[in-house]
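Worksheet for the structure shown next.
Chain naming here is simple, since letters A, B, ... match the order of the sequence lines and numbering starts at 1 in each.
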2 protein chains.
Amino acid sequence: MDTLALQSPSEPAPKRSFRQQMHLAREDAIVSAVNRLLAEKGFESMTVDEVAAEVGIAKASLYKHFPSKEDLAAAAMVRVMQRAQAFLDGLDTKRPPLDLLREVARWTMVVQLAGEMPSLPSENSSLRATLTTNKAYVDGLMDVSDRLGAWITAAQAEGSLNPSLPPIAVLYTLYARACDPVLGFLKGSGQYSNEQIIEMVLSTCFDGLKAR
Amino acid sequence: MDTLALQSPSEPAPKRSFRQQMHLAREDAIVSAVNRLLAEKGFESMTVDEVAAEVGIAKASLYKHFPSKEDLAAAAMVRVMQRAQAFLDGLDTKRPPLDLLREVARWTMVVQLAGEMPSLPSENSSLRATLTTNKAYVDGLMDVSDRLGAWITAAQAEGSLNPSLPPIAVLYTLYARACDPVLGFLKGSGQYSNEQIIEMVLSTCFDGLKAR
DNA sequence: GTCTATAGACCGATAGAC
DNA sequence: GTCTATCGGTCTATAGAC
């Protein structure tokens, strides 16, 4: 465990490293719990007491890490954005841009079906204020949007993506797949595997409902 | 107005019809307020006090009409379903089934952009319980789904709709357009008119993102 | 011994219910 | 208009790392 290594005599640990490690580990556990609860019940229905109970710590301890419920949600969104950036980093950018976009859409659906995609109400003003002032989140969102935007325009220039759609509309359409209620409905019908559901929604998203 | 017609001497009104009319009119005003508030802020953020204030009646009076907040939301959904049924009734069923489906999708978007589409959290269990035991809502939903389902299979048989998609997946995809966050995002960008937004989302829905 | 983080009681506000 | 439950957020005594 890293904690022990940092305390080994050969590599003297910085002061208070044990506590720092504990602090970070606990923060990670908090964000994981928030992420799961946000995916499961949404922001309004999630209570801070639930988060504390799931992590196994007292509610007051939560407030030593995050000053408000909104900041808890923001931390979960920051982590999702980091996961998205890591996924984008792992893609081979030599592939056709349309394939890259499809892979991104597929990834968001996998995360959602795994119950790991936090979904926030877009109308909550205090939450929006917290999110838009969270540099890590805004920077991550901008980075992801820039990378996707480049692939969108490249795909349109290449002729593989409908060029009459504004890139921003394509971008939002892809983002919307990450919180598409259709996935939950189809899963709730109990007739299809996760893979089948993802293939169907990818088909409607990229190929449309009409016959080709 | 119907109220006057019912009270005309040629067709004697039933006893207490005035009170009944007032009762119905107030109920209609309540449902309208609930509908608007649900569309604007969602179920969790809507408070019963707000509803009472918007209608201009005492909160206690609300409970003479509807026994709970969940039933208020259910009443709004029943009305939306009735509006949908009325819209379907007005369509010319001689038209190609794909055109009919497109018109339905367009209608849901018009309603949503008009701020008149109540959107409920699909995960709230007490709300789900109330909805699934509301006969008017369930019957309306079944009727609408049956009619759309017939057009979907007809369009697939005709070759105008992708026949490899399960009809239920097509149905859910159309329903999802009624609460598509993409509409709100595009409207929030301030760059497009409602008509442009609807045309873009109709295009991505039926034609897909890929170039044809 | 000191200092920090914790646990769990506690508070004010607000919502649903009647 | 009142009552009760619940939620977000705070306070204080204490346990444990250093």
Nearest-angstrom distance from the residue atom CG of Leu127(B) to P of dA15(C):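 Taking atom P of dA15(C) as the reference, CG of Leu127(B) is at 18 Å.
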d(CG, Leu62(A); P, dA7(C)) in whole Å: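 Result: 10 Å.
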I need the minimum non-hydrogen distance between [X] and [Y], along with the two atoms involved.
X         : Y         : value
Met200(B) : Leu186(B) : CE-CD1, 4.1 Å
Ser68(A)  : Tyr63(A)  : CA-CE2, 4.0 Å
Gln85(A)  : Asp143(A) : NE2-OD2, 2.8 Å

Distance-only polar pair, side chains of Ser145(B) and Tyr175(B), donor-acceptor under 3.5 Å: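 Ser145(B) vs Tyr175(B): donor-acceptor pair found between side chains.
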Polar side chain donor-acceptor pair, Glu123(A) to Ser45(B), under 3.5 angstrom: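 Distance-only check fails for Glu123(A) and Ser45(B).
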Heavy-atom protein contacts under 4.0 Å, nucleotides 2-13 of chain D, coded B base, S sugar-phosphate only, - none: -----SBBBB--
